[in-house]
Engineer: 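Got a structure here, written out as structure tokens. Questions coming.
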Amino acid sequence: MTVKTRFAPSPTGYLHIGGARTALYSWLHARKFGGTFLLRIEDTDRERSTQASVDAILEGMNWLGLDYDEGPIYQTDRFERYKEVIQQLIDQGDAYYCYCTHEELDEMREQQRANKEKPRYDGRCRERTEPREGVEPVVRFRNPTEGEVVIDDLIKGKIVIANKELDDLIIARSDGAPTYNLTVVVDDLDMGMTHVVRGDDHINNTPRQINIMTALGAEPPKYAHAPMILGDDGKRLSKRHGAVSVMQYRDDGFLPQALINYLIRLGWSHGDQEIFSLEEMIEFFKVEDVNGAASTFNSEKLLWLNQQYIKEMPIEELMEHLQWHLDNQKLDISNGPDFAAVINAQRDRAKTLVDLVSSSRYFYEDFEEYAEAAAKKQFKTATPDIMQAVHDELETLPDWQPEAIDKAIKVTCEKLELKLNKVGPPLRVAVTGTAMSPSLDITLYLVGKERTLERLLKAIAFNRAKYA
RNA sequence: GUCCCCAUCGUCUAGUGGUUAGGACACCGCCCUUUCACGGCGGUAACCGGGGUUCGAGUCCCCGUGGGGACGCCA
């Protein structure tokens with residue numbers, strides 16, 4: 001049987017890190033076996049579902065490169081089918097109308113809590129034959145009261161839940177709209193899912209869903225419940241922990257490959273390997289190897305991975321990702337050195353794409369001020385004379401090439417009888433405005449002769465004024 | 001509260017009865033170095049507790065403890 005998996009988010013927000021990871025696992029499982037990956041939008045809660053959320057989720061999937069073969073399928077387009085199944089369950093006696101009011105249910109739960117019991121529907125409408133006037137009924141599934149449900153979870157192993165722990169869940173609201181546990185069952189069956197990979201917050205729903213499938217005479221798919229991702233306070237990852245939207249990571253300068261790589265290694269491993277190409281992920285990933293324990297999100301490691309990818313990625317590909325940040329930071333690279341050359345010089349020292357762009361600004365634009373700490377540390381009384389000497393030496397260069405620039409700087413040092421560390425650092429601040437840059441010869445070469453000389457004169461004037 | 005899941009360095013993990021308990025991030029040294037990085041070398045650091053089973057337990061079982069999840073006319 002061909003493998004078929006799905007990702008089934010409810011469009012009530014953006015695609016978050018946890019969802020992205022289960023989507024990745026599900027996608028990987030399908031890709032590994034040459035199967036089908038389907039995207040289903042679980043929008044039966046019309047109150048909370050929005051088109052904006054659907055768009056955000058699609059954007060996130062697209063950015064991560066998680067492509068789907070079928071869908072997006074919207075559950076709201078399938079209400080007729082759900083109604084058919086609900087009717088079938090009623091007809092065969094596996095579901096019934098319940099006329100309990102919210103007040104009655106609240107009271108019942110309160111009572112149960114007071115008795116230190118698990119709040120659950122007590123089945124009081126199970127044998128009711130007459131409607132209750134003025135109450136639009138819901139439909140409940142008649143869950144078995146005895147026996148147990150066994151899940152052979154691919155990640156968690158064998159899970160056994162007694163039917164007496166379960167109650168008769170609502171499968172249709174009083175307005176006739178189907179609920180989650182019914183729609184999931186119908187869709188997973190109709191769409192031929194072979195494997196359901198989802199968050200382990202759904203473990204408790206699984207026995208209910210299996211019971212409905214059994215009532216429908218169907219064979220349940222295989223389940224793989226992936227653990228949650230926790231924030232650094234040990235609590236489930238949420239907005240409190242900073243960036244949780246996948247797109248926020250794009251905005252913050254992360255490469256999708258780095259995020260994917262981080263996500264796959266969070267809760268899964270292949271020996272000591274840390275960095276995986278997509279091909280390797282598909283080859284090595286086994287859903288059975290996913291760790292059953294929840295793991296804590298660690299942004300330091302993500303940053304490290306991002307740096308590795310920035311460093312190693314083919315330059316053309318890196319440039320494509322950089323374009324968005326160029327636009328976002330409004331850096332115009334038309335008036336200056338070849339951007340690829342700048343990036344090649346800079347990429348070893350950047351942890352994010354945002355850094356990479358912002359730290360490359362001085363190659364294209366003149367700066368108004370020197371970085372305060374750098375100027376304070378490097379600009380001394382002798383600076384104007386030193387800068388003047390460097391300027392004069394550089395000015396004579398017929399050939400503005402790194403080797404020649406390097407030589408000119410060293411010649412200046414000899415003339416002034418100064419060590420390189422007395423000349424280099426202030427020179428860097430004068431030309432870049434900051435204390436960090438690639439090596440000076442490359443930096444000056446890329447900044448260009450005209451700009452370099454101008455900036456040196458500017459630094460001389462600045463320091464003369466300062467020490468006058 | 002009830003049910004379910006989980007438990008190796010601070011974090012992500014390797015480990016499938018016999019290991020000096022390995023790797024990665026972070027951290028700390030040293031080296032490289034005109035800056036910041038990259039890189040290289042080295043270091044600190046872990047089997048939640050208690051009972052079993054066994055010649056032998058991080059590994060198997062039980063009980064605690066701790067953490068997470070679920071308990072909706074949400075998904």
Side-chain angles (χ1 to χ4, degrees), chain A residues 8-12 42-45 47-49 98 100 102 105-106 109 112-120 136-140 151 153 155-157 159-162 164-167 169-175 177 179-181 183-184 199-207 225 227-228 230 232 234-236 262 265-275 291-305 307-308 311 346-351 359 374 377-378 406 409-410 413 419-429 432 434-441 443:
Chain A
S10 68
T12 54
E42 310 220 318
D43 55 351
T44 53
D45 183 355
E47 300 277 303
R48 283 189 271 187
S49 300
C98 168
C100 293
H102 290 280
L105 295 174
D106 287 346
R109 289 189 191 107
Q112 288 163 331
R113 280 188 204 278
N115 294 342
K116 305 198 172 207
E117 289 166 13
K118 172 157 47 172
R120 60 198 211 282
E136 282 302 320
V138 298
V139 178
R140 287 183 186 271
I151 310 165
D153 194 273
I155 294 173
K156 304 278 186 177
I159 301 171
V160 182
I161 290 124
K164 66 175 180 351
E165 295 295 334
L166 273 23
D167 64 359
L169 62 295
I170 293 171
I171 56 175
R173 301 175 173 92
S174 46
D175 66 359
T179 61
Y180 168 74
N181 277 299
T183 59
V184 172
D200 70 2
D201 49 339
H202 284 294
I203 286 183
N204 294 277
N205 290 321
T206 309
H225 286 96
M228 306 273 86
L230 275 24
D232 47 22
K235 302 281 186 221
R236 190 173 171 168
Y262 179 73
R265 269 293 278 109
L266 188 64
W268 173 85
S269 63
H270 180 71
D272 287 340
Q273 191 168 343
E274 294 291 346
I275 296 177
N291 196 328
S295 36
T296 305
F297 193 85
N298 181 249
S299 34
E300 295 284 350
K301 187 152 184 180
L302 206 212
L303 229 29
W304 174 77
L305 270 167
Q307 185 174 36
Q308 298 301 311
K311 211 153 63 75
Q346 295 266 70
R347 65 200 297 192
D348 277 359
R349 68 205 78 232
K351 278 184 154 55
S359 68
K377 187 173 178 195
Q378 302 302 347
D406 183 61
I409 294 170
K410 282 173 180 155
C413 288
K419 284 192 173 176
L420 195 49
N421 64 11
K422 294 287 180 221
V423 178
L427 174 56
R428 170 171 285 107
V429 180
T432 71
T434 73
M436 58 194 89
S437 85
S439 68
L440 277 172
D441 50 351
T443 303

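Just so you know, these numbers come straight off a predicted model, no measurement behind them. Protein chains get the first letters and strands the later ones, always in sequence-line order, with residue 1 at the start of each.
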Engineer: Counting only heavy atoms not in A:E136 (residues, nucleotides, ligands), do more than 12 fall under 6.0 Å from its CD?
Structural biologist: no
Engineer: Classify A:L420 by what it touches in the nucleic acid, base, sugar-phosphate, or nothing, heavy-atom distance under 4.0 Å.
Structural biologist: base
Engineer: For the backbone of A:K116 and the side chain of A:R113, can you confirm whether one donor and one acceptor N or O come within less than 3.5 Å of each other?
Structural biologist: no
Engineer: Testing the basics here: between A:Y262 and A:N298, what is the closest heavy-atom pair and its distance to 0.1 Å?
Structural biologist: OH-N, 2.7 Å
Engineer: Is the glycosidic torsion of B:C48 within 90° of 0, making it syn, or is it anti?
Structural biologist: anti
Engineer: Using atom P of each nucleotide, how far apart are B:G72 and B:C62 to the nearest Å?
Structural biologist: 30 Å
Engineer: Would you classify A:I159 as touching base, sugar-phosphate or nothing, given that sugar-phosphate means primed atoms plus P, OP1 and OP2, and contacts are heavy atoms under 4.0 Å?
Structural biologist: sugar-phosphate
Engineer: Just name whichever nucleotide pairs with B:U19, Watson-Crick or G-U, keeping both distances under 3.5 Å, else none.
Structural biologist: none
Engineer: Rounding to a whole Å, what distance do you find between A:E300:CD and B:G10:P?
Structural biologist: 16 Å
Engineer: Can a donor-acceptor pair be found, under 3.5 Å and without considering hydrogens, that links the side chain of A:R428 to the backbone of A:P438?
Structural biologist: yes
Engineer: Can you tell me the Watson-Crick or wobble partner of B:U35, both distances under 3.5 angstrom?
Structural biologist: none
Engineer: Would you classify A:K301 as touching base, sugar-phosphate or nothing, given that sugar-phosphate means primed atoms plus P, OP1 and OP2, and contacts are heavy atoms under 4.0 Å?
Structural biologist: base
Engineer: Counting the atoms with a prime plus P, OP1 and OP2 as sugar-phosphate, which does A:S437 contact under 4.0 Å by heavy atoms, base, sugar-phosphate, or nothing?
Structural biologist: base
Engineer: Between protein and nucleic acid, restricted to nucleotides 38-40 of chain B and to nitrogen or oxygen atoms under 3.5 Å apart, what atom pairs and distances do you find?
Structural biologist:
unit_1, atom_1, unit_2, atom_2, d
B:C38, O2', A:K311, NZ, 3.4

Engineer: Using a strict 4.0 Å threshold on nitrogen-to-oxygen distance, state whether A:D201 and A:R236 make a salt bridge.
Structural biologist: yes
Engineer: I need the CD-C1' distance between A:Q346 and B:U35, as an integer number of Å.
Structural biologist: 12 Å
Engineer: Go through the structure and list residues passing side chain to side chain donor-acceptor pair (under 3.5 Å) with A:K422, not counting sequence neighbours.
Structural biologist: none
Engineer: Going by the rule salt bridge (Lys or Arg N to Asp or Glu O under 4.0 Å), which residues pair with A:K301 if we only count those two or more places apart in sequence or in a different chain?
Structural biologist: A:E274
Engineer: Starting at CD1 of A:I203 and ending at P of B:C6, how long is that distance when rounded to a whole Å?
Structural biologist: 7 Å
Engineer: Identify each atom pair where a protein N or O and an N or O of nucleotides 69-75 of chain B are less than 3.5 Å apart, giving names and distance.
Structural biologist:
unit_1, atom_1, unit_2, atom_2, d
B:G69, O3', A:R236, NH1, 3.3
B:G69, N2, A:N204, OD1, 3.4
B:A70, OP1, A:R236, NH1, 3.1
B:A70, O4', A:N204, ND2, 3.1
B:C71, O2', A:P119, O, 2.5
B:G72, OP2, A:R109, NE, 2.9
B:G72, N2, A:R48, NH2, 3.3
B:C73, OP2, A:R109, NH2, 2.9
B:C73, O2, A:S174, N, 3.0
B:C73, O2, A:S174, OG, 3.0
B:C73, N3, A:S174, OG, 3.1
B:C74, OP2, A:R173, NE, 2.1
B:C74, OP2, A:R173, NH2, 2.5
B:C74, O4', A:R48, NH2, 2.9
B:C74, O3', A:R173, NH2, 3.0
B:C74, O2', A:D45, OD2, 2.7
B:C74, O2', A:R48, NH2, 3.1
B:A75, OP1, A:T44, OG1, 2.8
B:A75, OP1, A:R173, NH2, 2.5
B:A75, OP2, A:Y180, N, 3.1
B:A75, O3', A:E42, O, 3.4
B:A75, O3', A:E42, OE1, 3.4
B:A75, O2', A:S10, OG, 3.3
B:A75, N6, A:N205, OD1, 3.2
B:A75, N6, A:N205, ND2, 3.3
B:A75, N1, A:N205, ND2, 3.2

Engineer: Write down the atom of A:S359, the atom of A:Q346, and the distance for their closest heavy-atom approach.
Structural biologist: O-NE2, 2.8 Å
Engineer: Does any nucleotide pair with B:C3 by Watson-Crick or G-U wobble geometry, both distances under 3.5 Å, and what is it?
Structural biologist: B:G69
Engineer: In this structure, how many angstroms lie between the P atom of B:U34 and the CZ atom of A:R428, rounded?
Structural biologist: 10 Å
Engineer: How many Å lie between CG on A:D232 and P on B:A26, as a whole number?
Structural biologist: 16 Å
Engineer: Out of A:T206, A:I151, A:N204, which residue meets the side chain to side chain contact (heavy atoms under 4.5 Å, CB included) rule with A:I161?
Structural biologist: A:I151
Engineer: Given 3.5 Å as the limit, does a donor-acceptor pair link the side chain of A:K156 with the main chain of A:G292, or not?
Structural biologist: yes
Engineer: For A:D153 and A:H225, indicate whether the former's side chain and the latter's backbone hold a donor-acceptor pair under 3.5 Å.
Structural biologist: yes
Engineer: Tell me, for nucleotides 42-48 of chain B in 5' to 3' order, what letter each nucleotide earns: B for a base near a protein heavy atom under 4.0 Å, S for only sugar-phosphate near one, - for neither?
Structural biologist: -------
Engineer: Between the protein and nucleotides 13-15 of chain B, list the N/O to N/O atom pairs that are separated by less than 3.5 angstrom.
Structural biologist:
unit_1, atom_1, unit_2, atom_2, d
B:U13, OP1, A:G267, N, 2.6
B:U13, O3', A:S269, OG, 3.1
B:U13, O2', A:S269, OG, 3.3
B:A14, OP1, A:S269, OG, 3.4

Engineer: Taking pairing as Watson-Crick or G-U wobble with both contacts under 3.5 Å, can you name the mate of B:A24, or confirm there isn't one?
Structural biologist: B:U11
Engineer: What's the CD1-C1' distance between A:I275 and B:C25, to the nearest Å?
Structural biologist: 12 Å
Engineer: Can you check the A:K410 NZ to B:U34 P distance for me, whole Å?
Structural biologist: 8 Å
Engineer: A:E274 near the nucleic acid: base, sugar-phosphate alone, or nothing, with a heavy-atom cut-off under 4.0 Å?
Structural biologist: base
Engineer: Can you tell me the distance, in whole Å, between the NZ atom of A:K422 and the P atom of B:U35?
Structural biologist: 12 Å
Engineer: Contact class for A:P207 (heavy atom, under 4.0 Å): base, sugar-phosphate, or nothing?
Structural biologist: nothing
Engineer: Is there a Watson-Crick or G-U wobble partner for B:C30 with both distances under 3.5 Å, and which nucleotide is it?
Structural biologist: B:G40
Engineer: Taking any strand in view, what nucleotide pairs with B:G49 in a Watson-Crick or G-U wobble way, both distances under 3.5 Å?
Structural biologist: B:C63
